[in-house]
Structure formats: structure tokens, C-alpha cells
Amino acid sequence: ERLRASEERYRALAEAAEDVILIVNRALQVTYANPAAARLLGPGAGPLEGAGLAEVLPPHVFGRLCYGIRQFFEGGRPGGHERDYSLRNGKLVLSATFAPVRDAAGHVAAVLLIARDITERRRMEDALRESEARLHAAIESVPFDFWIMDADGRYSLINSTARAHWGDRMGRTIEETDLPEATLARWRENNRRAFAGETVRGHVEYTHQGQRKYYYEIITPIRFGGAIHGILGVNIDITEQRLAEIEAARRQAEAIQQRAESL
């Protein structure tokens, strides 16, 4: 009675599961199939229990599963795989897990197959990778510095423009660089304000590698779920524009001085 009660509990779990559950014996016949298996294979598959796998599966699917099942009969070790399958109701991505079912003597008498439809998850993962690739391409192609710093104060992303200007600081803090102390002091203060929740922006002048450079800086917090998980920064090189403004102001001052002297 206890055995029957235990079997009923496990059968109830299998019947209610969204995952496909099959038990296949050494003759490659299905000895158990839950309702999810029938839904996945489609109404044209016919009765599953008692049928051979070759009768209910498309040939290419049968070939893949048959190879894995025979390996488990030989080795008896649990395992699995993720693969694309074309079934009657469309092309699906299934995550399949195999486990041996042993008899009283400990021999592998059947294989338990549990398959989960991960098509939507794979589609979302592919879409995320594509989105990340587009974002990476965009960040790499912009003609200004772009960087991201994690909550521990270490750079987690630096585009090629920033690396060319300031060196490769990936995985480092601003202290782990050989930049002038005046530059580091400004960066520390800007980062502190950004980590405190402020968006810092403005014009700044740096002397780097013996050259005077002018930038328009933006440092802002990265918020998620109401918390700050890092900061990102943009440095737009406006040196040419700024030098042109300085030269124009110098010429204007000279012109005013000349007019004043002529009076």
C-alpha cells in the first residue's frame, strides 16, 4: 500500500508537469508518457505508451535521442543536452535530461527522459546577445570616451576611444593608474558625486601626456531597482572648439586694444 501510494504521488507529479517525461525500455519502446509528451508531439503522434520511439518521433529526432539513450544503457550515467528539434508543431529547442531506471538487481532496465521546451528562453537569449552586440558596436564607434564603473569602483567597460586617450583600465580603479594627481583628484570627486546619485556635467581642462586638452564631461549613476549599481561617464573632446574660442577671444581683445590705442 505504501508503494502504491508512493507511485501515485510520483505519477501525479509527472502527469501535472509541463516538462515532457518519458520512460523508454531497452527495446526503445515507450513504457510511460505524461500528457505533456502528447502535447509536444502533437495529435498526429498517436498513442505513446507501448509504441516504439521510431513510430512517434520524426527520423532525425529519433536518431539523436536513440544515440543518447543507447549510451545510457551502456554507461548508466545521468546526462543531457540542449538541441534544436523540428517536431510536428514547429521548430523547438529542447533541454533533455537522461537518467537510468534500475531494476532490483541494479541493472539499467529503462531510461527516464525529461525534456523541457526552452525555445522562448533561447529566443530571448539570442535577442539579448544581438542587442548587446549592437550596443557594443555603437559604443565602440562613437568618437568620444565612454566608460562604465561597477559598484566596487572598478572599470567594467571602456571603449576604444577612451583606451587610446587614457590607457586600458579594465578591471582597475582610478587609483591603479599613472595619471597626474590633479586629474585623479577631479575624477575621484566626480565619481563620488555620481555614486551619491548626482549627475555631474561640465567643461574641464586636463594636461595629459604633455598636451592640454579640453573636454565636456558627463558622469551619471546607473540605477536599477531603486539602487545605484555603478556609474558611467562620457568625455567629449572639445579641444579644437575651445582653442578656436580662445583664439577668437584673443583676436577680439587685440582689436579692442588697438581701437583704444588709436583714440
Before accepting this row, confirm whether a basic side-chain N of the pair [X]/[Y] lies closer than 4.0 Å to the acidic partner's carboxylate O.
X: R129; Y: D126; answer: yes
X: E18; Y: R116; answer: no
X: R134; Y: E130; answer: yes

**OP:** Return each pair, listed once, that meets salt bridge (Lys or Arg N to Asp or Glu O under 4.0 Å) where at least one residue sits in residues 157-166; pairs must be two or more places apart or across chains.
**Re:** E140-R163

Subject >> salt bridge (Lys or Arg N to Asp or Glu O under 4.0 Å) partners of residues 25-34, not counting sequence neighbours, each pair once >> reply: none

Using side chain to side chain contact (heavy atoms under 4.5 Å, CB included) as the criterion, list what pairs up with [X], not counting sequence neighbours.
X: S6; value: R9, Y10
X: L128; value: E132
X: R201; value: T199, Y216, I218
X: A51; value: E55, V56

Applying the 4.5 Å side-chain criterion to the ILVMFWY set and letting contacts propagate, would [X] and [Y] be lumped into a single cluster?
X: L22; Y: L13; answer: no
X: L28; Y: V108; answer: yes
X: V200; Y: I238; answer: no
X: W166; Y: V204; answer: yes

Which heavy-atom pair separates [X] from [Y] by the least distance, and what is that distance?
X: H229; Y: F224; value: NE2-O, 3.0 Å
X: A36; Y: A17; value: CB-O, 3.7 Å
X: A194; Y: I231; value: CB-CG2, 3.6 Å
X: M170; Y: S156; value: CE-O, 3.2 Å
X: A196; Y: I228; value: C-CD1, 4.3 Å

Output the distance between atom [atom1] ([X]) and atom [atom2] ([Y]), rounded to the nearest 0.5 Å.
X: L157; Y: D150; atom1: CG; atom2: CG; answer: 11.5 Å
X: D19; Y: I118; atom1: CG; atom2: CD1; answer: 11.0 Å
X: R192; Y: I219; atom1: CZ; atom2: CD1; answer: 12.5 Å
X: T97; Y: L113; atom1: OG1; atom2: CG; answer: 8.0 Å
X: M149; Y: N191; atom1: CE; atom2: CG; answer: 4.5 Å
X: N25; Y: T31; atom1: CG; atom2: OG1; answer: 6.0 Å

**OP:** Only counting residues at least two apart or in another chain, list the ones meeting side-chain hydrogen bond (donor to acceptor under 3.5 Å, both in side chains) with R172.
**Re:** none

**OP:** Could you check V24 against Q29 for side chain to side chain contact (heavy atoms under 4.5 Å, CB included), going step by step and ending with a plain yes or no?
**Re:** CA-CA 5 Å; V24 181; Q29 289 180 318; 5.9 Å; no

Original post:
Can you list the other members of the hydrophobic cluster that holds Y32, where links are side-chain heavy atoms under 4.5 angstrom apart?
Top reply: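 Other cluster members: I21, I23, V101, L112, I114.
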
**OP:** For residues 113-153, pull every pair meeting ring pair (Phe, Tyr, Trp, His ring centres under 6.0 Å), keeping only residues two or more places apart or in separate chains.
**Re:**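 Found W147-Y155.
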
**OP:** For N159 and I139, indicate whether the former's side chain and the latter's backbone hold a donor-acceptor pair under 3.5 Å.
**Re:**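 A pair under 3.5 Å: yes.
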
Original post:
Quick one: does L53's side chain get under 4.5 Å of V30's, heavy atoms only?
Top reply: yes

Subject >> Verdict with reasoning, R121 to M124, per side chain to side chain contact (heavy atoms under 4.5 Å, CB included) >> reply: CA-CA 5 Å; R121 190 190 80 185; M124 293 176 63; 5.7 Å; no

**OP:** Kindly write out the residues that satisfy salt bridge (Lys or Arg N to Asp or Glu O under 4.0 Å) with R212, not counting sequence neighbours, or none if the list is empty.
**Re:** E205

Original post:
Run the side chain to side chain contact (heavy atoms under 4.5 Å, CB included) check on V234 and E217 step by step: do they pass?
Top reply: CA-CA 6 Å; V234 172; E217 288 185 332; over 6 Å; no

Subject >> Summary of side-chain hydrogen bond (donor to acceptor under 3.5 Å, both in side chains) pairs that have at least one residue in residues 238-249, sequence neighbours excluded >> reply: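 side-chain hydrogen bond (donor to acceptor under 3.5 Å, both in side chains) check on residues 238-249 returns D237-T239, Q241-E245, R242-E245, E247-R250, E247-R251.
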
Side-chain donor-acceptor contacts of residues 181-188 below 3.5 Å, not counting sequence neighbours, with atom names and distances?
unit_1	atom_1	unit_2	atom_2	d
E181	OE2	R188	NH2	2.4
W187	NE1	Y206	OH	3.0
R188	NH1	E175	OE1	3.2
R188	NH1	E175	OE2	2.9

Original post:
Run the side chain to side chain contact (heavy atoms under 4.5 Å, CB included) check on Y214 and I246 step by step: do they pass?
Top reply: CA-CA 12 Å; Y214 298 89; I246 293 173; 3.6 Å; yes

